[in-house]
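Input: a single structure, listed below in C-alpha cells.
Just so you know, residue 1 is the first one in the sequence shown, and it goes up from there. Heavy-atom basis, side chains included; hydrogens, waters and symmetry copies ignored. Atoms within a ligand are numbered from 1 in the order they appear, just like the ligands themselves.
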Amino acid sequence: MTGPTADSPRGARLPVREELRGTSPYGAPQLDVPVRLNTNENPYPLPEPLVARIAERVADAARALNRYPDRDAVELRTELARYLSRTGGHQVTTGQVWAANGSNEVLQQLLQVFGGPGRTALGFEPSYSMHALLARGTGTGWLAGPRTEDFRIDVDAAARVIAEHRPDVVFVCSPNNPTGTAVDAGTVLALHEAAQAAKPSMVIVDEAYGEFSHHPSLLPLIEGRPHLVVSRTMSKAFGAAGLRLGYLAADPAVVEAVQLVRLPYHLSAVTQATALAALEHTDTLLGYVEQLKTERDRLVEELRAAGCEVTDSDANFVQFGVFADAHVFWRRLLDEGVLVRDNGVPGRLRVTAGTPAENDAFLDAVRKLMKENAT
Ligand SMILES: *Cc1c(COP(=O)(O)O)cnc(C)c1O
C-alpha cells in the first residue's frame, strides 16, 4: 500500500477501499504569490452593497439557526429558476432546479444516483478532472473519451465510443475546462442521441463557465429530454467560490431522483441566505462578467502576439502553449510572481483572466520568458 490515504505518517494502515489506495486528493497549489491566476476564480471581490445585504440576510437566518434549514431550499431554487429563465434562453420552474454545496456536490449526487458500482461514466479528456475523481469516489467506472488535436469533441468518434462502451453517464463540459472550448448544441444532441440508443444513459452538461461563453446556454436542450441535465455554479460568474453553491436544471424527475441521495438539510440556512442575497445583485455581478470577457479576449490576442499558440476560449481562462516542457515554463512564471495552472495537458498551461493589472503582469512575464526562450 502506498499514498497518504493508505499509510499515515504514523504508519497506521487503514482499510481504505482498493480503488483509493495510492491516489492523491484533488487540489491546485494554494501558494502565496502576488498574481494568482490558477483556479479560475473571479478576481473581483463582492461589491460592498452586496456584502451588507449578505450580513443582513445572514443575521435573519441566524435568528432561526436553532431550527434545521428548509430541506428543499424552495425560495433559493425559485430564484435560481428565475435567473436561468431570464438569462438561459429557456423558462424553467422551481421543480426543475436543484441546488447543493457547489456544483461538485451536484455532480456527486448525480453520480450517486445514476452511476455507482457496476456502472460507468464517460468524459472527453482533457476535461475537468473532478468528473473522474467523483466517479472514483462513488465507485463508478471511468472511461476517458477522445478529443481532436484542437481539443474539440469529434461527434462520430464520440458516438462510436458511446455505442461501444454504453456508459451510464456522459459528461460534456461546455465551455470545457481546461481548454476553454465550447460545445455546440448539435454536438450535444448527437451525443444525447447516441447515449439514448446505447442504454439509455444520462448526459450531464457541465456549464460552470456558461456565463462567459460567446454562445448561448445549452439550457433549452433539457426541454423534452429527461436524460439531459445542465449543471451550473455561483463559483465563477457570481464571484462566489467561497459560498459553495451549485445547481442543476433538468426534468423534475431528475430533481426527485437526486433527493434520494442528498443528505438531509445539506444546504445550510447561512448558505441559502447568502446565495439569495447574491442573486439580488445579479446585474452588478454580470457586469463584472462582461469585463472579464473583454480581458479574456485580450489575453488570447496578446498571447498570440507574443508567439504563443492559444486555444479559442469561451470561459474566464485561456489555454496557451506550446512549450517543450510546460512545467518548466510554469515554474519560471512562478519565479516571476505569477501562478498559473499546469493541468497536465502536454505543452500547455492555463491562465485565469484576472484584473487588468494582474493580466498585464502575467503578459509581461510571458513576453519576457518567450524572448529568453528565443535567444
Ligand atoms: C470550477 C468548476 C466547477 C465548479 O465547482 P463548484 O463546486 O461549483 O465550485 C464545476 N465544473 C467545472 C468544469 C469547473 O471548472
Ring geometry between Trp142 and Phe171 (parallel below 30°, tilted from 30 to 60°, perpendicular above 60°): tilted
Which class fits the ring pair Phe317 and Tyr209: parallel under 30°, tilted 30 to 60°, perpendicular over 60°? perpendicular
So which of Asp72, Asp70, Asn101 actually passes side chain to side chain contact (heavy atoms under 4.5 Å, CB included) with Leu267? Asn101
Does Tyr68 sit in a hydrophobic cluster with other residues, and if so which ones, taking ILVMFWY side chains as linked at heavy-atom separations under 4.5 Å, directly or through other members? Tyr265
Shell of residues surrounding ligand 1, defined by a 4.0 angstrom heavy-atom cut-off that is strict: Gly102, Ser103, Asn104, Tyr128, Cys173, Asn177, Asp206, Ala208, Tyr209, Thr233, Ser235, Lys236, Arg244
Are Leu50 and Leu285 packed together at the side-chain level, in the sense that at least one heavy-atom pair is separated by less than 4.5 angstrom? yes
Would one find more than 12 heavy atoms of other residues, nucleotides or ligands at under 6.0 Å from atom CD of Glu193? no
